[in-house]
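In what follows, a structure is listed as structure tokens, so that the remarks can point back to it.
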Amino acid sequence: MEEFEQILEQYEPMITSILKRTHVYKNHEHFRQSARIALWKVVTTLNPERGPFAPYAYRTMQTTIYTEMKNENNYSDHQIAYERDKLTATAQIMEDETISPNRARTGIF
């Protein structure tokens, strides 16, 4: 565990660089943590025969950030559509409730 903490400390500047290059402008800590998890996975699954560590770690962390961005955008798109539908339905219910007493007074049903 201490070994990973040393590696993490060494690669924090790389994580910061990746966050800047991928234009992360919100939820910095979420994306930073995702990159840290990706680095941990690289450390635990590294096969030295596949090549140097640093480029592999960089590409893995960058890909993880892009995947997280895509997932967050998909969630936001679906969430906004759901909220819009929910608000429309709520507005319709409220409109129906406000119209019903007026209709009752005028005798129009």
Side-chain angles (χ1 to χ4, degrees):
M1 190 64 168
E2 291 176 16
E3 179 183 323
F4 176 72
E5 290 175 3
Q6 292 172 350
I7 293 171
L8 179 61
E9 185 176 323
Q10 180 183 357
Y11 281 87
E12 277 294 333
M14 182 184 282
I15 292 172
T16 301
S17 173
I18 292 170
L19 292 175
K20 287 180 182 177
R21 288 179 184 220
T22 55
H23 304 288
V24 173
Y25 62 93
K26 61 181 181 177
N27 298 332
H28 290 277
E29 199 54 39
H30 169 73
F31 289 106
R32 183 173 297 279
Q33 186 66 16
S34 296
R36 289 175 183 147
I37 292 169
L39 179 63
W40 178 77
K41 287 180 182 178
V42 168
V43 168
T44 58
T45 61
L46 178 67
N47 182 357
E49 296 174 1
R50 292 187 64 143
F53 177 78
Y56 179 59
Y58 184 90
R59 179 61 71 192
T60 302
M61 288 186 289
Q62 185 180 40
T63 302
T64 300
I65 295 298
Y66 282 134
T67 302
E68 286 292 319
M69 290 172 86
K70 180 186 77 165
N71 291 342
E72 187 172 290
N73 287 338
N74 286 341
Y75 176 78
S76 295
D77 290 346
H78 294 293
Q79 189 66 20
I80 289 170
Y82 171 75
E83 288 177 1
R84 188 178 305 129
D85 291 344
K86 187 175 177 181
L87 289 173
T88 303
T90 303
Q92 183 65 38
I93 290 169
M94 290 177 68
E95 185 177 304
D96 290 346
E97 288 176 357
T98 57
I99 291 175
S100 295
N102 292 336
R103 287 182 178 171
R105 275 188 244 138
T106 59
I108 302 172
F109 296 102

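Values reported hereafter were calculated over all heavy atoms of this structure, with side chains retained and with hydrogens, waters and symmetry mates removed.
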Task: Worked check of side chain to side chain contact (heavy atoms under 4.5 Å, CB included) between I37 and T64 - done: CA-CA 9 Å; I37 292 169; T64 300; over 6 Å; no
Task: Option among I15, L19, I18 that satisfies the side chain to side chain contact (heavy atoms under 4.5 Å, CB included) test with F31 - done: L19
Open item on the list: With heavy-atom distances below 4.5 Å as the criterion, would you say the side chains of E72 and K26 are in contact?
Closed with: yes
Task: OG1 on T16 to CE on M14, rounded to 0.5 Å - done: 11.0 Å
TODO: Just grab all the salt bridge (charged side-chain N to carboxylate O under 4.0 Å, His left out) pairs involving residues 34-59, residues at least two apart or on different chains.
DONE: E12-R36, E29-R36
Task: OG1 on T45 to CH2 on W40, rounded to 0.5 Å - done: 9.0 Å
Task: Atom pair CD/OG1 of Q62 and T67 - distance to nearest 0.5 Å - done: 10.5 Å
- [ ] Would you check if H30 and V24 make a side-chain contact, meaning some heavy-atom pair closer than 4.5 Å?
- [x] no
Task: R21 CZ to Y58 OH distance, which is reported to the nearest 0.5 Å - done: 4.5 Å
Task: Check against side chain to side chain contact (heavy atoms under 4.5 Å, CB included), M61 and V42 - done: CA-CA 9 Å; M61 288 186 289; V42 168; 6.0 Å; no
TODO: Check whether any side-chain N or O of S17 sits under 3.5 Å from a backbone N or O of P13 as a donor-acceptor pair, and report yes or no.
DONE: no
Open item on the list: Can you confirm whether more than 12 heavy atoms, excluding those of Q92, are under 6.0 Å from its CD atom?
Closed with: yes
Task: Test ring-ring contact (aromatic ring centres under 6.0 Å, His included) applied to Y66 - qualifying residues, sequence neighbours left out - done: none
TODO: Not counting sequence neighbours, which residues clear ring-ring contact (aromatic ring centres under 6.0 Å, His included) with Y11? List them please.
DONE: F53
Task: Closest heavy-atom pair and its distance - S34, E68 - done: OG-CG, 3.6 Å
